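Since the structure is predicted, the reported quantities are computational estimates derived from the model, not experimental observations. All ligand and atom numbering here is 1-based and tracks the order in the structure.
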Amino acid sequence: MITPLILLCIRSIVTLIFICFAIDSVAGVTRNYYIAAEETLWDYAPSYPINPMHQGEFSTKEKVFVAGDGKQRIGHKYYKARFIEYTDDTFTVIKPRAVEWEHLGILGPVIRANVGETIKVVFRNKTQDMTTSMHPHGVFYKKDSEGTHYHDDTAGKDKQDDLVASGATYTYTWEVPERSGPGPNDPSSIIWLYHSHGNETMDTNTGLAGPIIISRKGMLQSNGMLKGVDREFIVLFTIFDENKSYYLDKNIEVFAPYAKDQKDDEAFKESNLMHSINGYVYDNLPGLNMKIGENVRWYQLALGSEADLHTPHWHGNTLLSAGQRIDVLSLLPASHVTVDMKPDNPGIWMYHCHVNDHIEAGMMGRYTVQSDNAKNVSIKNPK
Ligand SMILES: [Cu+2]
């Protein structure tokens, strides 16, 4: 015969097991990433000498930013550094970027997690001679995972995370508590930047930046899709100031040797201001494709200096930003804004910064909305 005391014990044990499982299922997930910083030869305008905006050769005014002459102008290709994702901590096999993320361009890999999870990044500096780091916005980090250089003589001693030397490896741990995820007026996921923060200005102008997406508990599914979202696009508006890149000397040496003594020449400096969207100028940005009626989430980012006030404008469709209807958004350096579109208007549409100087300097792209019966946009965002 089972006494009330035994029954009570059984109930308590069952409750305890249930609680343990519940805690484990929320707090137990760690998402591992293997990311290297490495040198790359980046092309801001692969279409050169044709400008897709008008299907003709670049005009004299446009050539200021993209035409190299082998002597005094660097052109549209620059040595830069990028964050590249690998399959494991041996850093031998690059993780291929899925076609749905083709539009990321120069941005580093997407790091993502649900609230309640943990992000671990094994980071290797594969550049030849830069000191780099990974500094995240938004997520919870202790001082040893801040990835930021302070001028307090702790670099490389108490703090190994803030200046990772060429060839060195460091593991960052970033927690994702509630305060790192969407707020009450946000959609189900939000965007944060990560970037190198040794010499912040030079590191980001050199190209070391990428996105973090944090979603509400359970919203990011095991198939890599967000519940209720058909497509995600991440877009960084920035004027890469190549005059402030670690690779300026190399770029001059390789592409414009006659400019060696003209680094302060105003016309030379102007030619190195690359008004880009994800590292592309003059309609070279690829991959912004969607279907009519889909739930499309756009993550908007900016970086840079006082000239980097950007106003991305979508032609043809409208969006919701924190409950307000828009077709233009305002961004300042290091802005993180998430907006939703349900396209109802098929076509190939302009998507550009609305600042006049920036339009002329090439901060222009396009996005495509296909009608229901279109066949060639069938894939959704993967992991
Ligand atoms: Cu702009």
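Within the structure, side-chain hydrogen bond (donor to acceptor under 3.5 Å, both in side chains) contacts touching residues 330-339 (residues at least two apart or in different chains) do not occur. Residues in residues 240-250 take part in these salt bridge (Lys or Arg N to Asp or Glu O under 4.0 Å) pairs, two or more places apart or across chains: E39-K250, K80-E242, D241-K244, D249-K263. Listed by first and then second residue, the salt bridge (Lys or Arg N to Asp or Glu O under 4.0 Å) pairs involving residues 341-367 are K61-E360, D283-R366 (not counting sequence neighbours).
Heavy-atom contacts from other residues, nucleotides or ligands closer than 6.0 Å to CD1 of I348 number 12 or fewer.
Excluding waters, the count of protein N/O/S atoms less than 2.8 Å from the Cu ion (ligand 1) comes to 3.
Residues R97 and G105 come closest through the heavy atom pair NH1-O, 3.0 Å.
Side-chain contact annotation: N284 with S47, donor-acceptor N/O pair under 3.5 Å present.
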